[in-house]
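Model, not experiment: these values are computed from the prediction.
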Amino acid sequence: MTEVIEQMSKQYVPDLSSLQLLGELNYRRVVKLMCGHEEEKAWHFSIHSAGDQESRLCLSLGKESRFTSEVLLEFGPESSNELLFDSKVVMTVRLYHDVGIAEITDGHRQYSGSYPYPNGDMYHKDEKFRLNQQLSDLLELCLKHGHRLYETPYFQFA
């Protein structure tokens, strides 16, 4: 009985070293995608995946300062699909150039390292880590299966 009470009272403690490592790797991935075209304000990629499906990933530069930059990431299918939900992913990524870390923000606030569960916003206990892992997966998919679109100043998701 005391074992159950101890487990219930245990609070989630974020693994900061894993979160920092993930942020450093994401920073390197973003820089690799921009490599050779740093002067541009947007980077467009086409990604071919299993089942002959093609997706688009777009990185657009937002606010910039001496040590940070904000990049808007948009990812979605190229052709229209008949799903009951929106399959487009949009996230704001803040790049910290002085420490070489990238993390997801929602544009005006940063996510907390942990959240109580349950909560009104339906966040996971480790929401910040999960969102940054999703960023990692999208960037890695683009690096492995994507190619840069040079002549596409603007494209529209389906």
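L131 and V89 fall within a single hydrophobic cluster, where Ile, Leu, Val, Met, Phe, Trp and Tyr side chains are chained together by heavy-atom contacts under 4.5 Å. When hydrophobic clusters are built by joining Ile, Leu, Val, Met, Phe, Trp and Tyr residues whose side-chain heavy atoms come closer than 4.5 Å, directly or via intermediates, L72 is not grouped with L59. Under the 4.5 Å side-chain contact rule for hydrophobic residues, L21 and L143 do not share a cluster.
A donor and an acceptor atom, one from each side chain of S60 and E74, are nowhere located under 3.5 Å apart. For the residue pair H37 / E40, a side-chain donor-acceptor distance below 3.5 Å is found, with atom types taken as modelled.
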>> Between F45 and H147, is the side chain to side chain contact (heavy atoms under 4.5 Å, CB included) condition met? List the steps.
In response: CA-CA 5 Å; F45 301 91; H147 65 274; over 6 Å; no
>> Run the side chain to side chain contact (heavy atoms under 4.5 Å, CB included) test on H44 and R56 for me, step by step, so that the C-alpha distance in whole Å, both residues' side-chain angles and the decisive distance to 0.1 Å come before the verdict.
In response: CA-CA 7 Å; H44 302 278; R56 296 283 178 111; 5.9 Å; no
> Can E64 and K41 be said to form a salt bridge (charged side-chain N to carboxylate O under 4.0 Å, His left out), step by step?
Replying inline: CA-CA 11 Å; E64 278 189 290; K41 298 291 184 192; 3.6 Å; yes
When the side chains of residues 97-104 are checked against the rest of the protein, which donor-acceptor pairs come out under 3.5 Å, sequence neighbours left out?
from: H97; atom 1: ND1; to: Y27; atom 2: OH; distance (Å): 2.9
from: H97; atom 1: NE2; to: S69; atom 2: OG; distance (Å): 2.7
from: E103; atom 1: OE1; to: K128; atom 2: NZ; distance (Å): 3.2
from: E103; atom 1: OE2; to: Y96; atom 2: OH; distance (Å): 3.0
from: E103; atom 1: OE2; to: Q110; atom 2: NE2; distance (Å): 2.8

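Residues passing the side-chain contact (heavy atoms from CB on, under 4.5 Å) test with S18, sequence neighbours excluded: D15, F129. Partners of R130 under the salt bridge (Lys or Arg N to Asp or Glu O under 4.0 Å) rule, at least two apart in sequence or in another chain, are D126.
Checking side-chain atoms of N119 against main-chain N and O of D121 turns up a donor-acceptor pair under 3.5 Å.
Nearest approach of R148 to L33, heavy atoms of both residues: NH2-O, 2.5 Å.
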